[in-house]
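One structure is given here, and the rest of the page talks about it.
When a ligand or atom number is given, it counts from 1 through the structure's own listing order.
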Amino acid sequence: MDNIKNPNEQAWGLALNLLTKRLPSHAINTWFVPIVPTEINNEKISLSVPNQFFLEWIESHYGDQLLSAVRVALKNEQAAYHLLVTKEQKAVVESQPVFSLKKPLKKNRVNKNYLFKNFIEGSNNEFAKNAAQAVAKSPGEPKFNPLTIYGGVGLGKTHLLHAIGNKVLEKEPNSNVVLVTSEQFTLDFVNSLRKNKTIEFTKTYRRADVLLIDDIQFFRGKEQTQEQFFHTFNELYQSGRQIVMTSDRFPSEMKGLQDRLISRFQSGLSVDVQPPDFEIRVAILLEKSEQNGLNLKYDEIEFIARHVKNNIRDLEGAIIRILAKSSLMNKEIDFNLIRDVVQERVGNSHLSEVTIEDVVKKVSSLTQIKEKDITGKSRKMEIAEARQLSMYLCRDIIGTSLSNIGFYFGGRDHSTVIHAVKSIDRKKEKDSRLRNQVNSIKQDFKFLT
Ligand code: ADP
Ligand code: MG
């Protein structure tokens, strides 16, 4: 007998079927397969997605198609869908803060996605993380008050600031945690002047149990705001309330801030965050690609980590871009796509360092065939093979155009180069000696194999 299900339960399956007919399979696999329907009735279908990024992506790119599929599936022209990030899915896929930029933080609101537990620790940031955790554990301890976290962009300062807020609120849900950017603070102050509401302003800030201020470098040159901040600071400090600030540089190097403000800042502890080294970049990429359901090979991760070096925001950006690009252009995520994304982000400088000459040199030293033979006209088998191998590697590693390769290797035309590339590609499948040569040269150029 047929297993007759509640028609509502089948609705999502039906909607998915419809979508599969209308959208490329890659889009379905990336964005729709991970969806879990949580609640379905005649009017509405609730769908749980892994994270905020997913949610926004689906809405902005596939919202219309999803809606129409849901309406057909539910046989109701008025039906709606509702996307949500559920706790269970969140537990697996913890944080995508960078993706929620569209929804600015409300004042005093701590971003729930920035937590200590998803802050990857390394030698570059462990001191800052430990200090932040200590502060979150017992806010107001004189030796950590105020705490200043400083360092370059995209290195996790804001993340740590919010993590402190989240931790404090987890322990003391009623605690008055005030988290603002220095710009918001300034704006609030200016507005309070304009609207004659300085008392309200004072109340908001001076009643904080924990005051978390992001990017205080923007106080630079704003004398009146600094004055206000100074009073707020003093009042909180004297009553043992915790203040944490982030800044782009060490407090004493902050130009344009009044000296008395700076000396106040220095009465506590200043900790820095540094750019991540190679291993930490790999760890971050592994973590972030897993969070996004992006299945990269270890070699590919290493490749990204080798080239995208500056900060963690860029690493995250690369992952998102890979997802986005493959989805938008309906392309498989393969090495070419990854290389394109990395190249877009770091420019050509790193990737085009290798020249045709370098490749020929390597092939020559590996095969013991002279460079001038490789680029010459001899048809002797081993020489011809070394030549083909060189052509293949130029194409693969540098991406040199077919005609340039042909020109370099004895003025041959592009069809000869295509033939060479194909023939090496085919031969290396069967011939392990050749395969090893290809791999070893690519390794030498620190390239993916
Ligand atoms: P900053 O405030 O220093 O410019 P952010 O805190 O905004 O940098 O970090 C940029 C992005 O990188 C955020 O999405 C953040 O979650 C992420 N990030 C930074 N450091 C880490 C880390 N150590 N582990 C995990 N994610 C990190
Ligand atoms: Mg920041």
In ligand 1, which numbered atoms sit nearer than 4.0 Å to a non-hydrogen atom of [X]?
X    : answer
I120 : 22 (C), 23 (N), 24 (N), 25 (C)
G156 : 1 (P), 3 (O), 5 (P), 6 (O), 8 (O), 9 (O), 19 (C), 20 (N)
K288 : 17 (C), 25 (C), 26 (N), 27 (C)
N118 : 24 (N), 25 (C)
N125 : 23 (N)

Quiz item: Is the closest heavy atom of G152 to ligand 1 under 4.0 Å?
Solution: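 It does; at least one heavy atom falls under 4.0 Å.
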
Exercise. Check E316 against ligand 1 and report side chain, backbone, both or neither, counting heavy atoms closer than 4.0 Å.
Key: side chain

Quiz item: Mind checking whether Q224 and Q228 have side chains closer than 4.5 Å, heavy atoms only?
Solution: no

Quiz item: Is the closest side-chain heavy-atom distance between L66 and F32 below 4.5 Å?
Solution: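 The answer is yes, as the side chains (C-beta and beyond) meet within the 4.5 Å cut-off.
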
Any nitrogen or oxygen of [X] lying under 3.5 Å from a nitrogen or oxygen in ligand 1? Just yes or no.
X    : value
Y114 : no
V153 : no
R313 : yes
I312 : no

Quiz item: Counting only protein N/O/S, how many atoms fall short of 2.8 Å from the Mg ion (ligand 2)?
Solution: 1

Self-check item: Stacked cation flag R306 on F278, 6.0 angstrom / 45 deg
Solution: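 No, R306 does not lie over the aromatic ring of F278.
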
Quiz item: Of all residues at least two apart in sequence or in a different chain, which pass the salt bridge (charged side-chain N to carboxylate O under 4.0 Å, His left out) check with E235?
Solution: R206

Quiz item: Taking only residues two or more places apart in sequence or in another chain, which ones pass salt bridge (charged side-chain N to carboxylate O under 4.0 Å, His left out) with K297?
Solution: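 With neighbours one apart ignored, the set is E300.
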
Less than 3.5 Å apart, which donor and acceptor atoms pair up between the side chains of residues 131-155 and the rest of the protein, not counting sequence neighbours?
residue, atom, partner, partner atom, Å
N145, OD1, Q242, NE2, 3.3
N145, OD1, I243, N, 2.9
N145, ND2, R241, O, 2.8

